[in-house]
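Taking it in order: structure first as structure tokens, then the write-up.
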Amino acid sequence: MTDLAGACQLAIYAALTAIDGLPPVVSEVPMNEQDQAVFPFILLGDDNVTQIGSKTHRVERHEVSIHVCMQSTSKLIVRGYQEQVRAALHDQPIAADGASLSNPVALNQNTPLLDDGATYVGSSIFAIIAQDA
């Protein structure tokens, strides 16, 4: 049986790393020797899973969060990266071995300024239907 959450993450990673000019795509916040985050980066975040199949046919709905993180004087740069992420994923085919994945659908996005007054985090959520191939 395929790890469908892992398959979704791998497929998203492949789609995003194929885009020239995006910040590094990571699964953990990159840190320097002073234990500070190294900006900019795109973080593959949580994957909320809902079982929608039957006992004999496993089908899952994944809501995957993707975070564009950077320190900037303007949220426009972050939103630009978010739009590149959306263009790469929304209603585009993605693939991973052992899984059948629907085209991701963009559900929502926001771009708040964090309390430090210098860091924007552009968060996007995509829905993917996944099942064993």
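This chain uses plain numbering: 1 for the first residue, then up along the sequence. Any value given below was found using the heavy atoms of this structure, including those in side chains, with hydrogens, waters and symmetry copies removed. Keep in mind that what you see is a predicted model, and the values were worked out from it rather than measured.
Gln82 CD to Lys75 NZ: the interatomic distance, rounded to the nearest 0.5 Å, is 9.5 Å. In this structure, the separation between CD1 on Ile66 and CD1 on Ile12 is 4.5 Å, given to the nearest 0.5 Å. Taking CD of Gln71 as the reference point, atom CZ of Phe39 lies at 4.5 Å (rounded to 0.5 Å). One distance of note links CG of Leu43 with OG of Ser65; it measures 7.5 Å at 0.5 Å rounding. Separation of atoms CG (Asn108) and CD1 (Ile125) is listed at 4.5 Å; rounding is to 0.5 Å.
The shortest side-chain heavy-atom distance between Leu114 and Tyr120 does not fall under the 4.5 Å cut-off. Residues Leu22 and Tyr81 form a side-chain contact, since some pair of their non-hydrogen atoms from C-beta on lies under 4.5 Å apart. Between Thr111 and Val121 the shortest side-chain heavy-atom distance does not fall below 4.5 Å. Side-chain contact between Gln109 and Glu83 is present, with heavy atoms from C-beta onward closer than 4.5 Å. Side-chain contact between Gln51 and Arg58: present, with at least one pair of heavy atoms (C-beta onward) separated by less than 4.5 Å. Contact annotation: the side chain of Thr50 never approaches that of Glu60 to less than 4.5 Å [non-hydrogen atoms, C-beta and beyond]. Counting only heavy atoms from C-beta outward, the side chains of Asn103 and Ile94 never approach each other to under 4.5 Å. At a threshold of 4.5 Å between non-hydrogen side-chain atoms, the residues Ser100 and Asp132 do not count as touching.
In Phe41, the CZ atom is crowded: over 12 heavy atoms of neighbouring residues, nucleotides or ligands sit closer than 6.0 Å. Taking a 6.0 Å sphere around CG of Asn110, one finds it holds more than 12 heavy atoms contributed by other residues, nucleotides or ligands. Within a 6.0 Å radius of CD in Glu28, no more than 12 heavy atoms belonging to other residues, nucleotides or ligands are found. More than 12 non-hydrogen atoms from other residues, nucleotides or ligands lie less than 6.0 angstrom from CG of Asp116.
Ile19 and Tyr13 fall within the same hydrophobic cluster, where Ile, Leu, Val, Met, Phe, Trp and Tyr residues are linked whenever their side-chain heavy atoms come under 4.5 Å apart, directly or through other members. The cluster map of Ile, Leu, Val, Met, Phe, Trp and Tyr, joined by side-chain heavy atoms under 4.5 Å apart, puts Val25 and Ile77 in the same cluster. Both Val26 and Val29 belong to a single network of hydrophobic side chains, linked directly or stepwise wherever heavy atoms of I, L, V, M, F, W or Y lie under 4.5 Å apart.
Donor-acceptor pairing under 3.5 Å is lacking for the side chains of Gln92 and His90. No side-chain donor from either of Ser27 and Gln9 sits under 3.5 Å from a side-chain acceptor of the other.
In this structure, Ser102 contributes its side chain and Ile129 its backbone to a donor-acceptor pair below 3.5 Å. Within the 3.5 Å criterion, the main-chain N or O of Leu4 finds no donor-acceptor partner in the side chain of Thr2. In this structure, Asp47 contributes its side chain and His62 its backbone to no donor-acceptor pair below 3.5 Å. The closest donor-acceptor contact from the side chain of Asp46 to the backbone of Asn48 lies at 3.5 Å or more, if one exists at all.
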